[in-house]
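Note sheet for the following structure.
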Amino acid sequence: MYLSKYFLPVLKEAPREAEIVSHQLMLRAGMIKQQSAGIYSWLPLGLKMLRKVEQVIREEQNRAGAVEVLMPTIQSADLWRESGRYDDYGKEMLRIQDRHERDMLFGPTNEEMITDIFRSYVRSYKDLPLNLYHIQWKFRDEVRPRFGVMRGREFFMKDAYSFDLDEPSSRAAYYRMFVSYLRTFDRLGVTAVPMRADTGPIGGDLSHEFLILADTGESEVFCHGDTMKLPVPDRNIDYSDDAAIEGIFKDWTSNYARTDEMHDENLWNEVAEGDRMNARGIEVGHIFHFGTKYSEPMGAKVTGPDGKDHDVYMGSYGIGPSRVVAALIEAGHDENGIIWPDSIAPFDVGLINLRVGDEAVDTACVDLYNQLTNAGFDVLYDDTDGRAGGKFALADLIGLPWQLIIGPRGLKNGEIEVKHRATGERENLTMEATMNKLTAWQKDVNERFGG
RNA sequence: CGGAGCGUGGCGCAGCCUGGUAGCGCACCUGGUUUGGGACCAGGGGGUCGGAGGUUCGAAUCCUCUCGCUCCGACCA
C-alpha cells in the first residue's frame, strides 16, 4: 500500500476524551473514530487489525472443530421470552420495535438464537458433538461505556456454542475450546492466562476468563508463577484426543489463578511466596459451561442411543476481537506509539522514502516495495513528500514491526537502514541482506505463530 | 442510575467571573528557501462560540430549558 493512496488520518494530539493509552493511540493512529458514546467507526488501519485478529480466532476455532455460521444482529423478542431472559436482561438490552410494532432487540449475545437453530434441525445424538460459532457485532447498552473500544456498547464478538448429549461430553467440548483459546492468544503474540471465573448471569458451573497481562489492565490477577511457563500446544494438536485435551486443561488449571473478584486469600496463602505472581490484566475471553439452561426451556432435545429424548448440554465461548485489538496496544506500546506483536501487525513493514522526488531513492524504494510484496510481505510505503522527522514519528506511532529507511545518504553506499520497532535496534544493510533478514524473520514468525 | 465536569475552525486550548459581534498553537492552501528525528519566511482560507428560548441597545460571556460527551461509583466480551 502506498501511503499517498491510503486513508490514514493520524492526529498529533490525542482528543481529550481519551483516557487510556490504547484509546489515545487508536485515535492518534487513525484506527477508529468515535461516532457516539461507546460506538465507533473502524478506519482502514483499525479495520485491518480487527480483520487479522478475527482471522486468527477463526482459524483456531475451525481447527478445534467449531463450524462458522452468521446470525443477524437484530433478533425477535419472542425467542428471548422463551428462555425467560427478555425480562431478566434489563436495560443493557437495546429494545426496538419494527413498523408493525413487533418487539425486536439488538442482540447482546446469541444463546437463544443458536439454540433455535439447533432445535430446528438436530434430532439425533449421532449429529453430536456440534459446535457452532459466529463473529458478529453485539450491542450492550452499558450504563457507562468507556476506554474506547475496550468497553464499547457496540462490540465485535466471536461467540461459539457447543451442543452435546451429556455432561461428560459437554465438558470435553469445554476443554477443547479452552485449549483453542490458549492457542489463539498465543498466536496473537500475547500472554493470556486462564482464570477461574464467576459464572455470572449466564449461569452454569464451569467458567474461565482469559486475561491478557498488561500493566494498565482493569482487573487485578493473582496467579502461580508456574502458569506462565506452561507450554502452549502447537498446531499439530489432536482435538479428537479427549484425554490429551483434558490433560492440557488440567495442567493449566491446577495452579492458583484468579482475578480479584474470585480471589481467595486463604488459598493464595498456600502458594509459596516465591511463586506468587500479582499482575494486572484485561479480560479478552470468557467461556462458560451451562448445561441445559437454555436447551430445557427452549426444547432443544435429541434422541439418545437409549431411544429417549435428552435436553442437550451446552456451553458458550466468547472472545471480543475489538477488545483484543485495544488490549494488544495496552500490552505493547511506548512513548512514541504502538508496538504490535511480530505475529499480528496491520502491515509487516513500513518503507520510508526520505527524499521523494530523488530518482535514485524513488527507484530503490519502488524496487524494494515490489520485491517485498512479491515475497508475500504486507508493506506500507511512505511515498509522501513529508519530512524525515514526521515520517519516523508516523512509523513509530502505527508501530509496524519493521521500518526500512531509504535516503540518499545511505543509498550512496548501497545501504538502507533497517529498524526493528520493538527493540529499537537498527542496522545498515544492503537490499539483498535486508530481503534475507526479513525473509528469515517471516519464516520464523510463521513457524511460531502461523496457522 | 447517584456524584463531578466539559461542549469555542479538523485537533489541543484561551476568552466567560468584570456583556461591546472571536483569538492562540498545530493542521490545511499558495509561493519561496529547505530536507536523515515532527523546518523557516511570506501570504491565505476556514468558526459566529452544542441547540432552543429569555434578559439587554448589545450575549461566546448573564438566566432557563435541552442535547451531546467525559470522569468517579455500582455493572460488564
Side-chain angles (χ1 to χ4, degrees), chain A residues 9-20 23-24 27-28 30 33-39 53 57 89-93 107-110 135-160 181 192 197-202 207-212 218-219 259 261 281-288 316-327 336-337 352-358 361 382 384-397 403 405-412 415-417 419 424 426 428:
Chain A
V10 297
L11 303 173
K12 208 170 214 172
E13 294 168 284
R16 189 180 35 177
E17 69 267 16
E19 288 283 317
I20 61 166
H23 191 195
Q24 292 170 348
L27 290 168
R28 286 193 52 209
K33 176 187 184 334
Q34 180 168 348
Q35 300 294 162
S36 183
I39 300 178
V53 169
I57 294 169
Y89 219 92
K91 292 195 168 174
E92 276 209 352
M93 181 148 76
T109 177
N110 286 63
I135 307 176
Q136 176 64 288
W137 292 94
K138 304 292 188 292
F139 194 93
R140 292 184 192 169
D141 200 358
E142 299 272 349
V143 187
R144 191 175 152 219
R146 60 186 127 167
F147 304 146
V149 298
M150 191 82 85
R151 165 140 329 137
R153 291 193 291 172
E154 188 182 54
F155 61 99
F156 207 35
M157 185 160 88
K158 185 286 297 182
D159 39 325
Y181 275 33
D198 195 0
T199 51
I202 289 186
S207 178
H208 288 86
E209 291 179 359
F210 287 75
L211 288 100
I212 289 181
E218 281 187 86
S219 312
T259 63
E261 287 171 349
I282 301 163
E283 185 190 345
V284 286
H286 202 157
I287 60 180
F288 303 87
S316 76
Y317 315 90
I319 297 181
S322 48
R323 176 179 281 187
V324 167
V325 172
N336 295 320
I352 299 175
N353 183 332
L354 286 182
R355 190 73 60 87
V356 170
D358 178 303
V361 178
D382 188 344
T384 63
D385 64 356
R387 302 174 63 81
K391 293 190 173 201
F392 295 142
L394 173 70
D396 284 347
L397 175 63
Q403 293 169 23
I405 300 158
I406 305 190
R409 189 189 291 172
L411 207 55
K412 253 185 293 186
E415 287 179 334
I416 61 183
E417 184 181 325
K419 178 180 163 185
R426 51 183 81 194
N428 293 317

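Predicted model, so just to flag it, every value in this text is computed and none were measured. Naming convention: chains lettered A, B, ... in sequence-line order (proteins, then strands); numbering from 1 in each chain.
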Atom CD1 of A/Ile135 and atom P of B/A77 are separated, to the nearest Å, by 18 Å

Taking CG from A/Leu27 and C1' from B/G10, how many angstroms apart are they, rounded to a whole number?
14 Å

Phosphate OP1/OP2 of B/U70: any A/Gln34 side-chain N/O under 4.0 Å:
yes

Verify the contact: side-chain N or O of A/Ser36 to OP1 or OP2 of B/C69, cut-off strictly under 4.0 Å; return yes or no.
yes

Between P of B/U70 and CD1 of A/Ile39, the distance in whole Å:
10 Å

Is it the case that B/C76 (base atoms only) and A/Arg151 (side chain only) share a donor and an acceptor within less than 3.5 Å, ignoring hydrogens and angles?
yes

Give the rounded distance in Å between these two atoms: CZ of A/Phe155 and P of B/C75.
18 Å

Please enumerate all residues that pass side chain to side chain contact (heavy atoms under 4.5 Å, CB included) together with A/Asp358, with sequence neighbours excluded.
A/Arg355, A/Ala360, A/Val361, A/Pro408

Once you apply the 3.5 Å cut-off to both distances, tell me the Watson-Crick or G-U wobble partner of B/A4, or none.
B/U70

List, one per line, each side-chain donor-acceptor pair under 3.5 Å for residues 318-326 of chain A, sequence neighbours excluded.
{"from": "A/Ser322", "atom 1": "OG", "to": "A/Phe156", "atom 2": "N", "distance (Å)": "3.0"}
{"from": "A/Arg323", "atom 1": "NE", "to": "A/Met150", "atom 2": "O", "distance (Å)": "2.9"}
{"from": "A/Arg323", "atom 1": "NH1", "to": "A/Glu283", "atom 2": "O", "distance (Å)": "2.7"}
{"from": "A/Arg323", "atom 1": "NH2", "to": "A/Met150", "atom 2": "O", "distance (Å)": "3.1"}

Under the salt bridge (charged side-chain N to carboxylate O under 4.0 Å, His left out) test, which residues partner A/Glu142, sequence neighbours left out?
none

C1'-based separation of B/A22 from B/U48 [nearest Å]:
8 Å

In the strands shown, is B/U18 matched to any nucleotide by a Watson-Crick or G-U wobble pair with both distances under 3.5 Å, and which?
none

Grab the CD-P distance between A/Glu13 and B/G25 for me, whole Å please.
13 Å

Whole-angstrom distance between B/G7 and B/C63, as gauged at atom P
15 Å

What contact category does A/Gly148 fall into here, base, sugar-phosphate, or nothing, at under 4.0 angstrom with non-hydrogen atoms?
nothing

Rounding to an integer number of angstrom, what distance separates B/G51 and B/C11 when you compare their P atoms?
15 Å

Let me know the distance between CZ of A/Arg146 and P of B/A74, rounded to the nearest Å.
9 Å

Within this structure, what is the OG1-CE distance for the pair A/Thr109 and A/Met93, rounded to the nearest 0.5 Å?
11.0 Å

In whole Å, measure the gap between the C1' atoms of B/G50 and B/G45 for me.
24 Å

Considering only B/C76, B/G12, B/C71, which nucleotide approaches the side chain of A/Pro15 most closely?
B/G12

Does B/C26 have a Watson-Crick or wobble partner in any strand here, with both distances under 3.5 angstrom, and which is it?
B/G10

Summary of protein contacts for nucleotides 31-41 of chain B, nucleotide by nucleotide, where a base hit scores B, a sugar-phosphate-only hit scores S (4.0 Å, heavy atoms):
---BSBBBB--

Sugar-phosphate only, base, or nothing, as touched by A/Val324 at under 4.0 Å among non-hydrogen atoms
nothing

Watson-Crick or G-U wobble partner for B/G46, using a 3.5 Å limit on both distances?
none

Give me the distance, rounded to whole Å, that separates B/A14 from B/C26 when you measure between the C1' atoms they each carry.
15 Å

Choose from B/A77, B/C69, B/G12 the nucleotide whose nearest atom is closest to any side-chain atom of A/Glu283.
B/A77

In whole Å, what separates the C1' atom of B/C67 from that of B/C13?
23 Å

From the set B/C11, B/A77, B/A74, return the single nucleotide nearest to any side-chain atom of A/Phe288.
B/A77

Say we look at B/U70 and B/C62: how far apart would their P atoms be, to the nearest angstrom?
25 Å

Straight-line distance of A/Asp141 CG to A/Arg153 CZ, nearest 0.5 Å:
5.0 Å

Do A/Lys33 and A/Gln35 have side chains that get closer than 4.5 Å, going by heavy atoms?
yes

Complementary nucleotide of B/U55, counting Watson-Crick and G-U pairs under 3.5 Å
none

What's the closest nucleotide to the A/Glu19 side chain, out of B/U70, B/C75, B/G25?
B/U70

B/A39 pairs with, by Watson-Crick or G-U criteria that keep both distances under 3.5 Å
B/U33

I want to check something: taking the side chain as every heavy atom from C-beta on, are A/Glu261 and A/Ser219 in contact at a cut-off of under 4.5 Å?
no

Which is true for A/Glu17 with a 4.0 Å heavy-atom rule: it touches a base, it touches only sugar-phosphate, or it touches nothing?
sugar-phosphate

Using the P atoms only, state how far B/G9 lies from B/A52, rounded to an integer number of Å.
16 Å

Toward the 5' end of RNA chain B, which comes first, A/His23 or A/Phe156, by nearest nucleotide?
A/His23

Spacing of A/Glu218 atom CD relative to B/C75 atom C1', expressed in whole Å
11 Å

Drop me the distance from A/Lys419's NZ to A/Phe392's CZ, to the nearest 0.5 angstrom.
8.0 Å

When you look at A/Asp159 and A/Gln136, which way does the side-chain hydrogen bond (donor to acceptor under 3.5 Å, both in side chains) test go after all the steps?
CA-CA 8 Å; A/Asp159 39 325; A/Gln136 176 64 288; over 6 Å; no

If you restrict it to nitrogen or oxygen atoms, what contacts under 3.5 Å exist between nucleotides 4-7 of chain B and the protein, and what is each distance?
{"from": "B/C6", "atom 1": "O2'", "to": "A/Arg16", "atom 2": "NH1", "distance (Å)": "3.4"}
{"from": "B/C6", "atom 1": "O2'", "to": "A/Arg16", "atom 2": "NH2", "distance (Å)": "3.1"}

May I ask you to check whether A/Phe288 and A/His286 place their ring centres under 6.0 Å from each other?
yes

Reference residue A/Leu354; test side chain to side chain contact (heavy atoms under 4.5 Å, CB included); the match among A/Ile405, A/Ile416, A/Leu411:
A/Ile405

Take the protein atom CD of A/Glu92 and the nucleotide atom P of B/A74, then report the distance between them rounded to whole Å.
15 Å

Across all chains, not counting sequence neighbours, the salt bridge (charged side-chain N to carboxylate O under 4.0 Å, His left out) partners of A/Lys391 are A/Asp382

Have a look at A/Ala18 and say if it touches a base, only the backbone sugar-phosphate, or nothing, with a 4.0 Å heavy-atom cut-off.
nothing

